[in-house]
Amino acid sequence: MAAVVTNRRVILKRYVTGLPSEDDMEVVTAKTTLAVPAGSEAVMVKNLYVSCDPYMRGRMTRHEVPSYVPDYVPGEVITNCGVMKVVSSGHPDFKDGDLVWGVTGWEEYTLVNNPKPYLHKINYPEFPLSYYTGVLGIAGLTAYGGFFEVSKPKKGDYVFVSAASGAVGQIVGQLAKITGCYVVGSAGSDEKVKLLKTKFGFHDAFNYKKELDLEGALKRCFPDGIDIYFDNVGGAMLDAVLPNMRIGGKITICGMISQYNLERPDGVRNLFYLFAKSLRMEGFLVSNYIAIYHRYEKEMAGYLREGKVVYVEDIVEGLEVAPAALIGLFTGRNVGKQLVTIARE
């Protein structure tokens, strides 16, 4: 007989307008059987770590026109990427005890009905397992795919990264350094600015909250202009970047965290510069680059071993604090990649 266990889970209570609150989510307890349905290829996993990511905010709102990812459903468990241990499997590619990462629930145990292509084996267990929520997982692939496949940097380029101490930004900056670029980052506190300069090796950085004139701050950091802007925030920063771009520059749109909680998004006034400076602005989804994941994973594992890339995480313990950790992303409370420990193995 398969064991029946309690399973604490975080659900969405209601669709959200504006800035979400902890009360929009709830930790509830259910029962789960630690087995997979007979004859199925499902996998039952024990969740060890789950990731907190800004894009989750969009899934908490009901969209009349479908977005690029499905909306969460009130009353159902919140899902995102995580690191798991297989406890029961009907799939030939996964066995009990395997360590995996991929899409899972914000809960103690999750039944993954379609493990392919949503689960991936962990190939480099010598690194902290939590890295597979970030630098060796989706955040890392986002940085790599966006920077090399969209930005297409070359040695000597002047690169600006916003939200540069976050899960993606800190990797982009270090990849830019490895490529031979001059890289500057912005962040929302003096502590984060210091981290960019001393830990991640950015050539320069500034606290955007202390700058009365963002255009002027960028001109100070890039007197000769910007070749590549890797945008994680949108809004006023994007508007300030446009006049500071060099002829033929590239703007890579990865995210727009400044806009996610606004009922009426900010407009961008300086689009004139797109044609005046022959700029290219292009967005992307990380799903575009899943096919190159294993190439990326191997390359990044090498950088981590050699110390060419370092990674900073902000880890909180327990599902009870997961809602607060997610909301903290939108006020800049986290320092580094935000994730939640559910269980340790």
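- The environment of Lys121 atom NZ is dense: over 12 non-hydrogen atoms of other residues, nucleotides or ligands sit within 6.0 angstrom.
- For residues 131-145, there are no salt bridge (charged side-chain N to carboxylate O under 4.0 Å, His left out) pairs, not counting sequence neighbours.
- Using cut-offs of 30° and 60° for the angle between ring planes, the Trp101 and His120 rings count as parallel.
- By the side chain to side chain contact (heavy atoms under 4.5 Å, CB included) test, Asp204 is found to be paired with Tyr182, Val184, Lys197, Cys221, residues two or more places apart in sequence or in another chain being considered.
- The salt bridge (charged side-chain N to carboxylate O under 4.0 Å, His left out) contacts involving residues 234-247 comprise Asp227-Arg246, Asp239-Arg269, where partners must be two or more places apart or lie in separate chains.
- Looking only at distances, a side-chain donor or acceptor of Thr133 sits under 3.5 Å from a matching main-chain atom of Ser130.
- Annotation for Tyr118: atom OH does not count as buried by contact number, only 12 or fewer foreign heavy atoms lying within 6.0 Å.
- The backbone N or O of Gly302 sits nowhere less than 3.5 Å from a side-chain atom of Lys308 that would complete a donor-acceptor pair.
- Using a 4.0 Å cut-off between a side-chain N of Lys or Arg and a carboxylate O of Asp or Glu, Arg344 and Glu317 qualify as a salt bridge.
- At most 12 non-hydrogen atoms from other residues, nucleotides or ligands lie less than 6.0 angstrom from NZ of Lys199.
- Hydrophobic clustering (side-chain heavy atoms under 4.5 Å, transitive across Ile, Leu, Val, Met, Phe, Trp, Tyr) keeps Val103 apart from Ile138.
- Checked by atom type and distance alone, the side chain of Thr179 never pairs as donor or acceptor with a backbone atom of Cys181 at under 3.5 Å.
- There is a side-chain donor-acceptor pair under 3.5 Å between Asn123 and Glu297.
- Using a 4.5 Å cut-off between side-chain heavy atoms of Ile, Leu, Val, Met, Phe, Trp and Tyr, with links allowed through other members, Leu326 and Val73 fall into different hydrophobic clusters.
- Panel note: side chain Asn114, backbone Lys116; no donor-acceptor pair is recorded below 3.5 Å.
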Inset, instruction - In sequence, state the C-alpha distance, the side-chain angles, and the governing distance for Asn47 and Thr110, and then conclude on side-chain hydrogen bond (donor to acceptor under 3.5 Å, both in side chains). - result: CA-CA 7 Å; Asn47 294 311; Thr110 298; 3.0 Å; yes

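- Taken together through direct or relayed side-chain contacts under 4.5 Å among Ile, Leu, Val, Met, Phe, Trp and Tyr, Ile257 and Val335 form parts of separate hydrophobic clusters.
- When atom types are taken as modelled, the side chain of Arg59 and the backbone of Pro70 share a donor-acceptor pair closer than 3.5 angstrom.
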Inset, instruction - In sequence, state the C-alpha distance, the side-chain angles, and the governing distance for Glu299 and Tyr144, and then conclude on side-chain hydrogen bond (donor to acceptor under 3.5 Å, both in side chains). - result: CA-CA 10 Å; Glu299 187 173 331; Tyr144 186 89; 2.7 Å; yes

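- Shown here for Glu126 and Arg305, the closest heavy-atom pair between the two residues is OE2-NH2, 3.0 Å.
- Sorted by first and then second residue, the salt bridge (charged side-chain N to carboxylate O under 4.0 Å, His left out) pairs with a member in residues 163-189 form an empty list; sequence neighbours excluded.
- Of the N and O atoms on the side chains of Ser162 and Asn232, not one donor lies less than 3.5 Å from an acceptor on the other residue.
- Proximity of a side-chain donor or acceptor of Lys46 to a complementary backbone N or O of Val87 within less than 3.5 Å is not detected.
- Partners of Phe94 under the ring-ring contact (aromatic ring centres under 6.0 Å, His included) rule, at least two apart in sequence or in another chain, are His91.
- The main-chain N or O of Asp266 is found under 3.5 Å from a side-chain atom of Gln259 such that the two form a donor-acceptor pair.
- Residues passing the side chain to side chain contact (heavy atoms under 4.5 Å, CB included) test with Arg333, sequence neighbours excluded: Ala324, Thr331.
- With sequence neighbours excluded, the residues that form a side-chain hydrogen bond (donor to acceptor under 3.5 Å, both in side chains) with Lys337 are Ser51, Asp53.
- Tracing side-chain contacts under 4.5 Å through hydrophobic residues (I, L, V, M, F, W, Y), one never reaches Val83 starting from Ile78; they form parts of separate clusters.
- For the pair His63 (side chain) and Thr61 (backbone), a donor-acceptor distance under 3.5 Å is present.
- Under a 4.0 Å N-O distance rule, the pair Glu282/Arg280 qualifies as a salt bridge.
- Aromatic ring orientation, Phe127 versus Tyr131: parallel (interplanar angle below 30°, classes split at 30° and 60°).
- Counted within 6.0 Å of CD on Glu191, heavy atoms from surrounding residues, nucleotides or ligands total 12 or fewer; the atom is thus considered open.
- Remark: the backbone N or O of Val69 is not paired with any side-chain donor or acceptor of Tyr55 at under 3.5 angstrom.
- With sequence neighbours excluded, the residues that form a ring-ring contact (aromatic ring centres under 6.0 Å, His included) with Tyr229 are Phe160.
- A donor-acceptor contact shorter than 3.5 Å is absent between the side chain of Lys219 and the backbone of Leu214.
- Neither side chain, Glu76 nor Tyr72, offers a donor N or O lying under 3.5 Å from an acceptor on the other.
- Side-chain contact of Ser165 with Gln170: a donor-acceptor pair under 3.5 Å is absent, judged by distance alone.
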Legend entry - Test side-chain contact (heavy atoms from CB on, under 4.5 Å) applied to Leu274 and Met281, step by step: CA-CA 8 Å; Leu274 285 176; Met281 183 160 63; 4.0 Å; yes

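- Between Val159 and Phe147 the shortest heavy-atom distance is CG1-CE1, 4.2 Å.
- For NZ of Lys209, the number of neighbouring non-hydrogen atoms (other residues, nucleotides, ligands) closer than 6.0 Å is greater than 12.
- Under the 4.5 Å side-chain heavy-atom criterion for grouping Ile, Leu, Val, Met, Phe, Trp and Tyr, Met237 is connected to Phe330 within one hydrophobic cluster.
- For residues 22-37, the set of pairs meeting the salt bridge (charged side-chain N to carboxylate O under 4.0 Å, His left out) definition, not counting sequence neighbours, comprises Lys13-Asp23, Arg14-Asp23, Arg14-Asp24.
- Of the N and O atoms on the side chains of Thr29 and Thr6, not one donor lies less than 3.5 Å from an acceptor on the other residue.
- For Asp157, the salt bridge (charged side-chain N to carboxylate O under 4.0 Å, His left out) partners are Lys154, not counting sequence neighbours.
- Every side chain to side chain contact (heavy atoms under 4.5 Å, CB included) that Ser287 has, sequence neighbours left out, goes to Leu285.
- Residues that satisfy the side chain to side chain contact (heavy atoms under 4.5 Å, CB included) test with Lys95, not counting sequence neighbours, are Asp98.
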